[in-house]
Participant: 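Attaching a single structure in structure tokens format; questions to follow.
Every chain is numbered from 1 and lettered A, B, ... according to where its sequence line falls, protein lines coming before strand lines.
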Number of protein chains: 2
Amino acid sequence: MNGPNPLRVRLVEIGFAALVEVVGEVDMASAPALEAVLAQATSSGADHVVVDLRHTTYMDSSGLNALLTAALAHRDLGSLSAPTPHRRCSACSRSPAPRTSWAEPATAARTRRRQGRQPAMTDLAAKATKLLDLHHAGTTLVLPTVWDAWSARAVVDAGFPALTIGSHPLADSRGQQDNEGMTLDDALDGIRRITGAVDVPVSADVESGYDTPPAELVERVLDAGAVGINVEDTVHSQDRLRSPDEHADYIGGLRAAADAQGVDLVINARTDVFLKPEGTFADPVAEAVSRLLLCEAAGARCAYPPKAPDADAVRTLLAELAGPLNVIAHPVDGSAAGSLADLQQLGVHRISFGPLLQMALVDPLQALVAPWAEPA
Amino acid sequence: MNGPNPLRVRLVEIGFAALVEVVGEVDMASAPALEAVLAQATSSGADHVVVDLRHTTYMDSSGLNALLTAALAHRDLGSLSAPTPHRRCSACSRSPAPRTSWAEPATAARTRRRQGRQPAMTDLAAKATKLLDLHHAGTTLVLPTVWDAWSARAVVDAGFPALTIGSHPLADSRGQQDNEGMTLDDALDGIRRITGAVDVPVSADVESGYDTPPAELVERVLDAGAVGINVEDTVHSQDRLRSPDEHADYIGGLRAAADAQGVDLVINARTDVFLKPEGTFADPVAEAVSRLLLCEAAGARCAYPPKAPDADAVRTLLAELAGPLNVIAHPVDGSAAGSLADLQQLGVHRISFGPLLQMALVDPLQALVAPWAEPA
């Protein structure tokens, strides 16, 4: 069926629940519902069918498999594609991200045409998908954490395929304070300077979102050129930790907003459970797992529990979570769960440095100037 | 004479020509004129007499000595002070900067009171004087060149008493281009972030002044917290080198504006003679000397000819110029005129790093991330 209006299905993500959009919007949460919608779309000759997971309800793995089977059953429909794993991701139960050749959500395309920003958004969509793919390449992805255009260029020149920006080192470079000492405007100014200086995908740290509604935050982050975001559950402006549901809801809002823009924004859901004083949680590992599972279900693409205390905790997190795990490391000292080799062995998907790369660079900087400090 | 309105004279700078302000303004260019004004001020019981060199005309060294003698002759008048050298400056024919306990120009004090910024301006005046003094301490002053709040803090923590900001590394950190790729607003934003992060005097690079009138430039630079400025004669926006007189006139305008604010702004006059293609000048050293002499006469506090080719050139510049000389160095490789020890031996007053410190830090940064670039 290679007519002028081929039916194409885009599975934006493989997860626990799905929303299918055919011209308007159709809610569904099961494989039979997907099957029915696809059949309806086929018979109606719809231009695009977008299968866009919004994680509004839960579905067990057999339901997930049925969803996949239903989608795959429609591969014979024109240019329909499905997320056939193109590389094995050894440490992750998820399939790789969909190919960028898949169709985009019709609403996102309309939005873009309205805004006259098609080239930039196409570039962002490709970069976001590239960043997501790097999490599922079957190796441990290291995303050095930079703070300005100079450090970003130096790291890209060293061969890294993507970068992270940390709010802490960014604030230190800008002469501001972390923990919401910056406004969203401040953070975006710093982010934009970095994304404008390098051509690789960049993930930015937006703390807990600076009290910004999800759609606005996503729009502004994309406008600043970032294709991934760290979102934490500590709201420093209110000196509190979000409840698990509240944090997942916010993540879900960001997911929906990003999908509406047609960009696979790599949301790295962060929980600060391990940063709280001992005794705050009876079982911090279990608390982190349950919070991050909710975030995954809400559309996070990676889970980030800074300062997971040891290799056992990382092992449990990897076993319990469905998607990629981000571990923080010091470029010289490694992580609490071990060295780079140890983290690779454990199957950790992603490593970033938080403020530790910038901190580690103070010694070499001071070593360069020290001989000039005390003229003989 | 310790009455309620003691007569105090402040010699802002020892140079080639002078303007004396007593209530209103009195132009003068000779020692007898100063003597007359001081006598008049004494008899009228004036609150303040400001001796404020504007370098509107030239005066030979005997004239300068006569000026000094005239000022010193009034030391018995209440709290009158004069610039008795407090430390010997081995490589400079100038006396140290006046003490901060001297009175400030009345107009500057009025300006400050109007603006309600007295504490900040007092702080700036003290910092400017401190920075100027460091040029006349009889040792070689090293002012590492930084680019953001993080690098500034690291250098201050390493023990340096003052800093420079380079437009090149600043632009690189901000993801912009040097050579007027930044606007004055951009540069000032970067400068302000650094001056706000450290408590030491900071000198900023403002290229050729971004086509900004002197009074406005000085006001905005001070508002951004800098107490010294590099001003070069290359106008990148117009792809040309200023004529010697034009550059000196601009320096003179900056001097007058700073003095009107009551701040001993340390103007580091830069000429790019040595950056021009070979053959541009028949005798580049002579050209640099004549340009920088004009700048000194116009009120520069330091002279900066980047890339003076060798020790002989530096020796000539030191011999011909009256005031401090700034040499650029690489933190590892030293300068074209030799190592730090060599520059000390020559009697160089000031060393900065231009973009070379930031460039030298790329290797250590890449060395920190390199082990993480290619997971096994």
Side-chain angles (χ1 to χ4, degrees), chain A residues 139-144 146-155 157-161 169-176 189-190 192-198 329-332 339-341 343-344 351 353 356-376, chain B residues 139-144 146-155 157-161 169-176 189-190 192-198 329-332 339-341 343-344 351 353 356-376:
Chain A
T139 56
T140 301
L141 171 65
V142 180
L143 298 175
V146 302
W147 53 91
D148 67 357
W150 166 77
S151 56
R153 286 202 187 99
V155 167
D157 288 347
F160 289 85
L170 177 63
D172 277 4
S173 176
R174 293 173 59 85
Q176 297 185 277
D189 177 56
R192 193 185 307 274
R193 293 178 185 285
I194 292 168
T195 62
V198 295
H330 184 286
V332 177
S339 66
L340 172 60
L343 297 175
Q344 288 171 325
I351 296 169
F353 295 135
L356 304 175
L357 176 59
Q358 189 189 60
M359 288 175 181
L361 195 60
V362 170
D363 278 351
L365 173 52
Q366 293 184 332
L368 280 170
V369 297
W372 303 80
E374 303 251 343
Chain B
T139 56
T140 301
L141 171 65
V142 180
L143 298 175
V146 302
W147 53 91
D148 68 358
W150 166 77
S151 55
R153 286 203 186 98
V155 167
D157 289 348
F160 289 85
L170 177 62
D172 276 4
S173 177
R174 294 173 59 85
Q176 298 184 276
D189 177 56
R192 192 186 307 275
R193 293 177 185 286
I194 292 168
T195 62
V198 296
H330 183 285
V332 176
S339 67
L340 173 59
L343 297 174
Q344 289 170 325
I351 296 170
F353 295 135
L356 304 176
L357 177 59
Q358 188 190 60
M359 287 176 181
L361 196 60
V362 170
D363 278 351
L365 173 52
Q366 293 185 332
L368 280 170
V369 297
W372 302 80
E374 303 251 344

Participant: Select, from B:Pro364, B:Ser173, B:Ala360, the one with the greatest count of heavy-atom pairs under 4.5 Å involving chain A.
Facilitator: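 Sorted descending by pairs with chain A, the first entry is B:Ser173.
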Participant: So does A:Asp157 pair up with A:Arg153, basic N to acidic O under 4.0 Å?
Facilitator: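 A:Arg153 and A:Asp157: not salt-bridged.
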Participant: So that I know where these two stand, are B:Trp372 and A:Phe353 an aromatic pair - ring centroids less than 6.0 Å apart?
Facilitator: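 Yes, the ring of B:Trp372 comes within the 6.0 Å limit of the ring of A:Phe353, centre to centre.
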Participant: Nearest 0.5 angstrom please: A:Leu368 CG to B:Leu361 CG, how far?
Facilitator: 6.0 Å
Participant: Between A:Ile194 and chain B, with a heavy-atom cut-off of 4.5 Å, which part of the residue counts as in contact: side chain, backbone, both or neither?
Facilitator: neither
Participant: Strictly below 4.0 Å, N to O, side chains only: are A:Arg174 and A:Asp148 in salt-bridge contact?
Facilitator: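 Salt bridge: no.
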Participant: Tell me, side chain or backbone of B:Gln358 under 4.5 Å from chain A's heavy atoms, or both, or neither?
Facilitator: both
Participant: Under a 4.5 Å heavy-atom cutoff, which of B:Gly196, B:Ala154, B:Ala197 has the most pairs with chain A?
Facilitator: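 Highest number of heavy-atom pairs under 4.5 Å: B:Ala154.
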Participant: Working note: B:Val142 + A:Val369, criterion side-chain contact (heavy atoms from CB on, under 4.5 Å); need CA distance, chi angles, decisive distance, verdict.
Facilitator: CA-CA 9 Å; B:Val142 180; A:Val369 297; over 6 Å; no
Participant: Hey, which of B:Ala158, B:Pro144, B:Pro331, B:Ser151 has the most heavy atom pairs under 4.5 Å with chain A?
Facilitator: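 Counting heavy-atom pairs under 4.5 Å, the top option is B:Pro331.
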